[in-house]
Amino acid sequence: MTPRQSVWGTMIGTLVSAGALAYADVALPTQVLLSDYALVSGGLVPVLIGMLALAAACLCLAYGLATLDPARTAPTRVLLVAGAAGLMMSAIFPTDPGTSQIGTVSGEIHRWSAAVVFTSLPVAGWVLARGRAAAPGWNAVRAISVAAGVTLAIYLAAHPASFLSPLINGGGYYGMLERGVVLAEMALLIAMALAAFSGRAVARSEPVPASQPEAEHQSQGQERLAA
């Protein structure tokens with residue numbers, strides 16, 4: 001997989017996921033949380049597609065980062081793989097009906113898998129952008145990472161399982177906050193792919209033409225070592 005294919009794989013997987021979850025939100029009876037659509041008639045397939053497509057997007061991005069800069073991107077790749085694993089576990093183990101009460105092993109696994117997804121992706125974006133130049137692409141990654149983290153914190157406070165929920169009337173809008181977290185993390189995956197593989201990053205991955213003089217090869221090697 002080339003860097004260009006990694007970018008396209010990340011973007012396509014993310015957009016397919018967004019489309020599947022948007023279909024569930026529009027075409028099916030309204031549910032408080034996105035994972036609840038798996039419990040209604042006709043909702044299991046779009047939820048599975050949405051989760052697995054987003055997991056594939058995480059893996060595409062992780063693989064591309066491994067080919068681009070394996071040492072520097074290792075922490076980010078671990079977090080992306082953890083997010084993909086959480087998404088797959090959430091797809092395999094459906095949630096329990098209801099709000100704050102978890103009564104089955106499947107529901108408990110789903111809850112903690114979703115927690116891994118929601119927390120790992122904002123941290124992955126922040127870690128990847130840390131120490132990078134103040135370029136528009138990296139600024140976007142940092143901003144979306146912070147936005148996703150802040151939205152997640154408010155969502156957790158508003159969730160009926162939180163003791164803060166009654167104080168802030170969280171039961172009335174925590175479903176919207178969950179959708180905000182999901183959309184922010186989808187945008188973050190695309191922003192990470194575009195920032196990491198744009199410009200020089202993609203150009204460096206292209207093979208050097210066979211007709212290029214040997215002296216130029218040596219000169220480029222010396223420049224890289226000097227850098």
Side-chain angles (χ1 to χ4, degrees), residues 8-61 80 82-122 144 147-162 165-166 168-191 193:
W8 279 108
T10 303
M11 294 181 67
I12 291 172
T14 303
L15 293 175
V16 169
S17 176
L21 296 178
Y23 167 81
D25 235 1
V26 172
L28 299 176
T30 302
Q31 302 297 309
V32 177
L33 300 178
L34 290 173
S35 56
D36 291 343
Y37 283 108
L39 305 176
V40 303
S41 177
L44 180 60
V45 171
V47 168
L48 287 178
I49 292 174
M51 291 181 176
L52 296 179
L54 197 60
C58 292
L59 294 177
C60 282
L61 181 55
L80 287 171
L87 284 161
M88 288 185 279
M89 292 292 286
S90 295
I92 294 171
F93 296 95
T95 187
D96 288 342
T99 54
S100 60
Q101 299 300 318
I102 298 295
T104 67
V105 173
S106 175
E108 196 68 34
I109 294 174
H110 181 93
R111 169 180 283 187
W112 287 106
S113 298
V116 170
V117 178
F118 284 163
T119 55
S120 63
L121 296 187
I144 299 172
V150 171
T151 307
L152 174 61
I154 301 173
Y155 163 69
L156 293 175
H159 195 279
S162 168
S165 183
I168 59 177
N169 192 28
Y173 54 86
Y174 75 100
M176 294 180 60
L177 288 169
E178 185 219 27
R179 287 160 174 78
V181 175
V182 172
L183 289 175
E185 296 193 349
M186 288 177 174
L188 179 59
L189 286 176
I190 294 176

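In this structure, CG on L121 lies 9.5 Å from CG on L61, to the nearest 0.5 angstrom. Taking NE2 from H159 and CG from L33, the interatomic distance works out to 5.5 Å, rounded to the nearest 0.5 Å. With rounding to the nearest 0.5 angstrom, the CG atom of D25 is 4.0 Å from the CZ atom of R179. Atom OG1 of T14 is separated from atom CG of L183 by 11.5 Å, given to the nearest 0.5 angstrom.
Of all heavy-atom pairs spanning A91 and L52, the tightest one is CB-CD2, 4.1 Å. Here the shortest heavy-atom pairing between A20 and I49 reads CB-CG2, 3.9 Å. When every heavy atom of L189 is checked against every heavy atom of T10, the shortest pair comes out as O-CG2, 3.8 Å. Residues I168 and Y173 come closest through the heavy atom pair O-OH, 2.9 Å. Closest of all the heavy-atom pairs between L177 and A158 is CD1-CB, 3.8 Å. Taking every heavy atom of both residues into account, L156 and S162 meet most closely at O-CB, 3.1 Å.
When atom types are taken as modelled, the side chain of S17 and the backbone of G13 share no donor-acceptor pair closer than 3.5 angstrom. At least one donor-acceptor pair under 3.5 Å links the side chain of E178 to the backbone N or O of L34.
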(request) Please assess H110 against F93 for the test ring-ring contact (aromatic ring centres under 6.0 Å, His included), listing each intermediate value before the final yes or no. (result) CA-CA 6 Å; H110 181 93; F93 296 95; 9.2 Å; no

